[in-house]
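The structure's right below; bear with me while I get my questions together.
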Amino acid sequence: MFCLSFSHFQVPSTVTKAEVIAEIAEKTGIEKTDVSATVEAFFKVVKDSMASGNNIYVRGFGSFVNKKRARKVARNISKNTSIIIDEHYIPSFKPSKTFISKIKNSKKVKELVQA
């Protein structure tokens, strides 16, 4: 009999928006409802600003930018036809150098990579 064991693989954990709100409330002493309203307002400002064509730069954290995708010809393989995809923009996040440095030097992330 052959048995596979995957216990040595570590799956990175995921943090939800609710958990982020709870942690901010705990660290600042501000009510969860106020923190939630602030976080939701931040996301709304980011979405509305980017939808208006503006980029957002947060020093020490990163940039929310609209990336331009060029017009291209794609293929629908099942119908064997060509499709033209017009030029369009997609939202993107580019972390700052200090943010990248913090992640690269994180002991926890290094443990996940080495496992």
- Task: Determine the minimum heavy-atom distance between T98 and G60, stating which atoms define it.
- Result: OG1-O, 3.2 Å
- Item | Heavy-atom neighbours of R71 CZ exceed 12 at 6.0 Å | no
- Message: When you group the ILVMFWY residues by side-chain heavy-atom contacts below 4.5 Å and let the links chain together, are V35 and F61 in the same group?
- Response: yes
- Message: Between T38 (side chain only) and D34 (backbone N and O only), is there a donor and an acceptor less than 3.5 Å apart?
- Response: yes
- Ignoring hydrogens and geometry, is there a side-chain-to-backbone donor-acceptor pair from S92 to V65 under 3.5 Å? no
- Message: Within this structure, what is the OG-NZ distance for the pair S52 and K47, rounded to the nearest 0.5 Å?
- Response: 14.0 Å
- d(T81 OG1, R75 CZ) to nearest 0.5 Å is 7.0 Å
- Given the rule that I, L, V, M, F, W and Y join up when any side-chain heavy atoms are under 4.5 Å apart, are V45 and I21 in one cluster? no
- Measure the spacing between NZ of K72 and NE2 of H88 and express it to the nearest 0.5 Å. 7.0 Å
- Item | Whether over 12 other heavy atoms sit under 6.0 Å from E23 CD | no
- Item | CD1 (I77) with more than 12 external heavy atoms under 6.0 Å | no
- Is it the case that one hydrophobic cluster holds both I56 and F99, taking links as side-chain heavy atoms less than 4.5 Å apart, direct or via other members? yes
- Item | I90, CD1: over 12 other non-hydrogen atoms inside 6.0 angstrom | yes
- Query: With distance as the sole test, does N66 use its side chain to make a donor-acceptor pair with the main-chain N or O of M50 at under 3.5 Å?
  - Reply: yes
- Message: For F43 together with F64, are the ring centres under 6.0 Å from each other?
- Response: no
- Task: Look at the side-chain heavy atoms of Ile, Leu, Val, Met, Phe, Trp and Tyr, link any pair under 4.5 Å apart, and say whether V39 and F42 land in one connected group.
- Result: yes
- Message: With side-chain contact (heavy atoms from CB on, under 4.5 Å) as the criterion, how do I24 and I30 come out once you've worked through the C-alpha distance, each side chain's angles and the decisive distance to 0.1 Å?
- Response: CA-CA 8 Å; I24 292 170; I30 301 170; 6.0 Å; no
- Partner set under salt bridge (Lys or Arg N to Asp or Glu O under 4.0 Å) for E31, not counting sequence neighbours: none
- Message: Let me check something: do F93 and V15 share a hydrophobic cluster, defined by ILVMFWY side-chain heavy atoms less than 4.5 Å apart, either directly or through other members?
- Response: yes
